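What you see is a predicted model, and the numbers here were worked out from it, not measured in a lab.
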Amino acid sequence: MRGVVMRYKKRHKRSRVLVVSVVGVAALAVGGGALLMTDNNASAGQSPNRTEAARQSSMTIQCPDVATRLSNVPQKARPTVDKELAKLDTQVADAYKQLSAQGTKAADQQWVRTRVLEPLSSQRRSALSRISTTMGKGSQQASGLDSMASCTVKQGEVNAAAAPAAAPAAAGGSQASGPQKADFVDIRKVQPNVKNPRKQAGASKGTFSSRCGRNENKKFNSDNVIVAPGVSNGAHHMHDYVGNQKNDAFATDQVLATATTSCTNGDRSTHYWPVLRLRDGKNEKDAGAPGGGTEGNIGTILQPTSVQLTFRGSAVGKVTAMPKFLRIITGDAKAFTNGTANANASWSCTGFENRQLKDKYPLCPKGSNVVRTFKFQSCWDGRNADSANHRTHVAFAGANGACGKGFKAIPALTQRITYKIAPNKVFAVDSFPEQLHKPVTDHGDFINVMSNSLMKQAVKCINSGRKCG
């Protein structure tokens, strides 16, 4: 969701970057078969008296992300295409493991080219060919996919000193894989920055809430039924779930519609987001599991102090009902590498929520809790419950609160999650390994499984200006 590996500049959308710590190695860029070596110590702005640890580097693999390109996949082709896209993720993850296992040997140009990049490109080319065949050779979107097979290796300096205290290394991760000192900021030093659209005459001012608990059932998995249906560990990081209790990679709409729920009003909708962990050096149950410690997601999983799920109205008019099984993703799990075009993370502290952070973790004063807020798209195209890239069927309202042409206003979901974390404790969101646990990668997911009567009740409540739930 787009010195440091990237400074959030826009690159290939949803590209994959994999990171491995290397000490005292010159900067390396590999692309199109050419390699460029530069002196790490000559980096602009680098202090000559920095410690060796502070000069640690991160070597990265970056591949164009095919999923963003495929915005119009035929419905019958989507199951196969989704599985091939998941294979592309796995191929890059395997290349990362190979690169990280070699350590400083990865600085050898020929080794990187012949043992990592060329095999990876070959695997990607085969997967892209299968996608093209599935979509049909005449498909405009399938044309030219083979040009997205090549990947690059780059190396950028990172601040190896985790903050506020040293984060322990663990299987599948390292101190340099995050979080870093630069990822944190004292919330008291942030200026108020929240602006809301002005409510116009006829605005729908009511709210509807579902109370679904704090994941007391401890339902976790590293699947993502929206992005990678039918693929175990499709997220490569662990999710917290509230609401629907049958959500995993293999849950069909029919399964979700008949599942039990943690919501008190019978709402079977599913809400999920990456777990937040205290980087305390302790092993969780998933320390040796995919999505957990084997992919650099380490430390104690924190249970939220509170979870609020609230639907609000439109600043310019009435809202219409969401379709059943509408799928929405807010934010971008790969925003560290993709750039911020789809990023929508919001971090803050209780008592300071007029100050929202997009690319920093907040350091909260004593007595104040960490807050994650996910605001979802509130404009729907009126036809589709999902889209091939899981984005184009919904949109955010404009600065004035109005939906764009061809879209209609639906109840606007906000997921607000709080955590009690002692001041100066290191914490981090679960992420894809290459995303370095950056706060900008935070994201929320939602599938509407309300009954038609409950959705009708929510819309009526919102449009009439009442507070319900």
Side-chain angles (χ1 to χ4, degrees), residues 1-2 5-20 28-36 58-73 77-78 80-96 98-99 112-113 116-135 139-156 224 227-228 231 234-236 329 332-343 387-392 431-436 438 440-441 443:
M1 254 196 181
R2 178 148 301 155
V5 177
M6 295 180 68
R7 299 185 185 276
Y8 309 120
K9 293 181 179 179
K10 191 171 182 180
R11 299 288 181 93
H12 293 294
K13 289 186 177 181
R14 295 184 67 184
S15 56
R16 305 295 308 276
V17 171
L18 299 173
V19 180
V20 54
L28 171 66
V30 183
L35 295 105
L36 173 65
S58 61
M59 185 168 285
T60 67
I61 297 177
Q62 183 170 3
C63 303
D65 185 46
V66 181
T68 305
R69 163 85 173 268
L70 303 179
S71 59
N72 189 25
V73 178
R78 287 187 187 178
T80 300
V81 170
D82 284 341
K83 286 181 172 60
E84 292 297 336
L85 292 173
K87 287 180 184 178
L88 290 173
D89 283 349
T90 300
Q91 291 164 2
V92 181
D94 288 344
Y96 164 69
Q98 186 178 17
L99 191 63
V112 170
R113 181 187 295 115
V116 179
L117 291 181
E118 290 178 355
L120 176 58
S121 294
S122 178
Q123 292 172 344
R124 285 174 60 84
R125 196 168 289 109
S126 295
L128 293 170
S129 177
R130 291 190 294 270
I131 291 174
S132 295
T133 299
T134 301
M135 293 180 62
S139 168
Q140 184 177 357
Q141 291 223 353
S143 177
L145 282 182
D146 58 345
S147 66
M148 305 182 78
S150 296
C151 302
T152 59
V153 173
K154 296 183 180 180
Q155 181 175 299
N224 191 329
V227 174
V231 179
H236 295 270
I329 300 171
D332 185 357
K334 302 171 187 174
F336 180 58
T337 59
N338 289 348
T340 58
N342 291 315
S387 49
N389 61 8
H390 313 293
R391 295 191 184 276
T392 53
S431 73
F432 284 94
E434 74 280 7
Q435 298 301 316
L436 295 177
K438 294 297 182 182
V440 74
T441 66
H443 57 283

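- Asp89 and Phe432 make their closest contact through OD2-CE2, 4.4 Å (heavy atoms, listed as atom of the first residue, atom of the second, distance).
- Looking only at side-chain heavy atoms (C-beta outward), Leu70 and Asn389 stay at 4.5 Å or farther from each other.
- Taking every heavy atom of both residues into account, Gly234 and Ala228 meet most closely at CA-CB, 4.0 Å.
- Here the CG atom belonging to Asp65 is positioned 7.0 Å from the CE atom belonging to Met148, to the nearest 0.5 angstrom.
- The nearest pair of heavy atoms linking Val73 to Val81 is CG1-CG2, 4.0 Å.
- Atom OG in Ser129 sits 9.5 Å away from atom CD in Glu84 (nearest 0.5 Å).
- In this structure, CG on Asp82 lies 11.0 Å from OG1 on Thr134, to the nearest 0.5 angstrom.
- Interatomic distance, Arg78 CZ to Met135 CE, rounded to the nearest 0.5 Å: 10.0 Å.
- The two residues Leu436 and Phe336 make their nearest non-hydrogen contact at CD1-CE2, 3.4 Å.
- Using modelled atom types and a 3.5 Å distance limit, the side chains of Gln141 and Ser71 yield a donor-acceptor pair.
- Of the possible polar contacts, none joining the Ser431 side chain to the Gln435 backbone as a donor-acceptor pair under 3.5 Å is found.
- Nearest heavy atom pair, residue Ser150 against residue Arg125, reads OG-NH2, 4.4 Å.
- The closest side-chain heavy-atom distance from Val231 to Asn224 is not below 4.5 Å.
- Annotation for Ser132 and Ala142: closest pair OG-O, 3.4 Å, computed over non-hydrogen atoms.
- Note: Ser126 OG to Asp146 CG = 11.5 Å, rounded to the nearest 0.5 Å.
- The side-chain contact (heavy atoms from CB on, under 4.5 Å) check on Gln123 picks up Gln91, Leu120, with sequence neighbours excluded.
- In terms of modelled atom types and a separation under 3.5 Å, the side chain of Thr441 and the main chain of Lys438 share a donor-acceptor contact.
- The main-chain N or O of Leu88 is never found under 3.5 Å from a side-chain atom of Arg124 such that the two would form a donor-acceptor pair.
- Of the possible polar contacts, one joining the Ser147 side chain to the Gly144 backbone as a donor-acceptor pair under 3.5 Å is found.
- To the nearest 0.5 Å, atom CD1 of residue Ile131 and atom NZ of residue Lys87 are 9.5 Å apart.
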